[in-house]
Amino acid sequence: MSETRLAKIRLYVVHPLGEGQTVPLSREQAHYLFGVMRLGVGDAVLLFDGQNGEWLADVAEAGKRGGILVCRSQTRPLQMPPDLWLCFAPIKKARTDFIVEKAAEMGAARICPVQTAFTNAERIRRDRLQIHAIEAAEQCGGTFVPEVCDLQRLDALLDSWPEGRRLMFCDEALVGAGEMLGEAPRGPWAVLIGPEGGFSDAERTRLRALPFAHPVSLGPRVLRADTAAVAALTLWQQALGDWAS
Ligand code: SAH
């Protein structure tokens, strides 16, 4: 097989990458590369570990239950996303999966599911959501995988809010109000998206009073939470993120 075709396979590995570095494969990865994609000894793949960029690696051993790859050369340096968190209230499973996938593609550095007054989900499968973020990074050419945090209460998140981080508070009560990010400064930010039921009055009052919060409207229509997450990340990336650079 030609290297161009093989180079299309990108895998995230939890193993530090560097020149000559050997990388053992898990059973699942071996099944994917050798069983599904039919790769064999001598074939090449692209690897990234979230810290050392992307590497071209050759298959040195290919087995049913495992295998070994050897890193040849770096093909791309690590490209960190901007320091942007996506905080969102989890909704139905498939839509939550979508939000995590899109957040990884859109260049969020961290994904924080939050429980708000009107959030239906009591718990999330953090490990499953993390896999969605990894697959999105593999697919979109990213060299970084955003961490998916455990579900936490919005109150608790705001109580321990890190100094210097601004919050783009997407407030459905501002629908059609034309409230934008304006001349907001660059730096660490977070986007906050509410659940299907929106924010409670108490939450809105607290959020609006926070000195680091910037209440924002996402246009003249009320968007579903999954649409709102993508729209908000787009706006932020365009105004303050890495799209222009
Ligand atoms: N049930 C609510 C809508 C919730 S939409 C209502 O009818 O008012 C889910 C989330 O998406 C909201 O909490 C908000 O964070 C975001 N959102 C959707 N449309 C928006 C808009 N036009 N402006 C700002 N935020 C919006």
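Numbering starts at 1 and runs along the sequence shown. Each ligand, and each atom within it, is numbered from 1 in the order the structure gives.
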Please identify which atoms of ligand 1 are closer than 4.0 Å to at least one heavy atom of [X].
X: V216; result: 24 (C)
X: G197; result: 1 (N)
X: A228; result: 11 (O), 16 (C), 17 (N), 18 (C)
X: V222; result: 3 (C), 19 (N)
X: F199; result: 13 (O), 15 (O)
X: D171; result: 23 (N), 24 (C), 25 (N)
X: G219; result: 22 (N)

How close does the nearest protein non-hydrogen atom get to [atom], and which residue and atom is it?
atom: atom 23 (N) of ligand 1; result: L218 N, 2.8 Å
atom: atom 10 (C) of ligand 1; result: G194 O, 3.4 Å
atom: atom 1 (N) of ligand 1; result: E196 O, 2.6 Å
atom: atom 8 (O) of ligand 1; result: E172 CG, 3.3 Å
atom: atom 5 (S) of ligand 1; result: L223 O, 3.1 Å
atom: atom 9 (C) of ligand 1; result: P195 O, 3.2 Å
atom: atom 22 (N) of ligand 1; result: R221 O, 2.9 Å

Test item: [X] side-chain N/O and [Y] main-chain N/O as donor-acceptor pair under 3.5 Å:
X: E172; Y: S217; value: no
X: R166; Y: G187; value: no
X: R65; Y: S26; value: no
X: Q51; Y: L17; value: no

> Using 30° and 60° as the class limits, which term best fits the ring planes of W161 and W85: parallel, tilted or perpendicular?
Replying inline: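 Rings of W161 and W85: perpendicular, over 60°.
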Which is it for [X] and ligand 1 at heavy atoms under 4.0 Å: side chain, backbone, both or neither?
X: L174; value: neither
X: R224; value: neither
X: P220; value: neither
X: C170; value: both

> Taking it one step at a time, do F169 and F199 satisfy ring-ring contact (aromatic ring centres under 6.0 Å, His included)?
Replying inline: CA-CA 11 Å; F169 165 39; F199 292 99; 5.2 Å; yes
> Looking only at heavy atoms, which two atoms of V175 and G219 are closest? And how far apart?
Replying inline: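 For V175 versus G219, the nearest heavy atoms are CG2-O, 3.5 Å.
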>> Restricting to non-hydrogen atoms, name the atom on G241 and the atom on P82 that form the minimum distance, rounded to 0.1 Å.
In response: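 Closest approach of G241 to P82: CA-CG, 4.2 Å.
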>> Apply side-chain contact (heavy atoms from CB on, under 4.5 Å) to residues I111 and L129 and explain how you reach the verdict.
In response: CA-CA 10 Å; I111 300 170; L129 293 177; over 6 Å; no
>> Run the side-chain hydrogen bond (donor to acceptor under 3.5 Å, both in side chains) test against D171 and tell me which residues pass, sequence neighbours left out.
In response: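 Result, side-chain hydrogen bond (donor to acceptor under 3.5 Å, both in side chains) vs D171: R204, R208.
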>> Restricting to side-chain hydrogen bond (donor to acceptor under 3.5 Å, both in side chains), what partner residues turn up for T234, sequence neighbours left out?
In response: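 With neighbours one apart ignored, the set is empty.
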> Do you know which of T143, T75, V45 makes side chain to side chain contact (heavy atoms under 4.5 Å, CB included) with R10?
Replying inline: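 The single option meeting the side chain to side chain contact (heavy atoms under 4.5 Å, CB included) with R10 is T143.
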> Hey, does S217 come in under 3.5 Å of ligand 1, counting only N/O atoms on both sides?
Replying inline: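 No.
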> Hey, does A225 come in under 3.5 Å of ligand 1, counting only N/O atoms on both sides?
Replying inline: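 In fact, backbone or side chain, A225 has no N or O that close.
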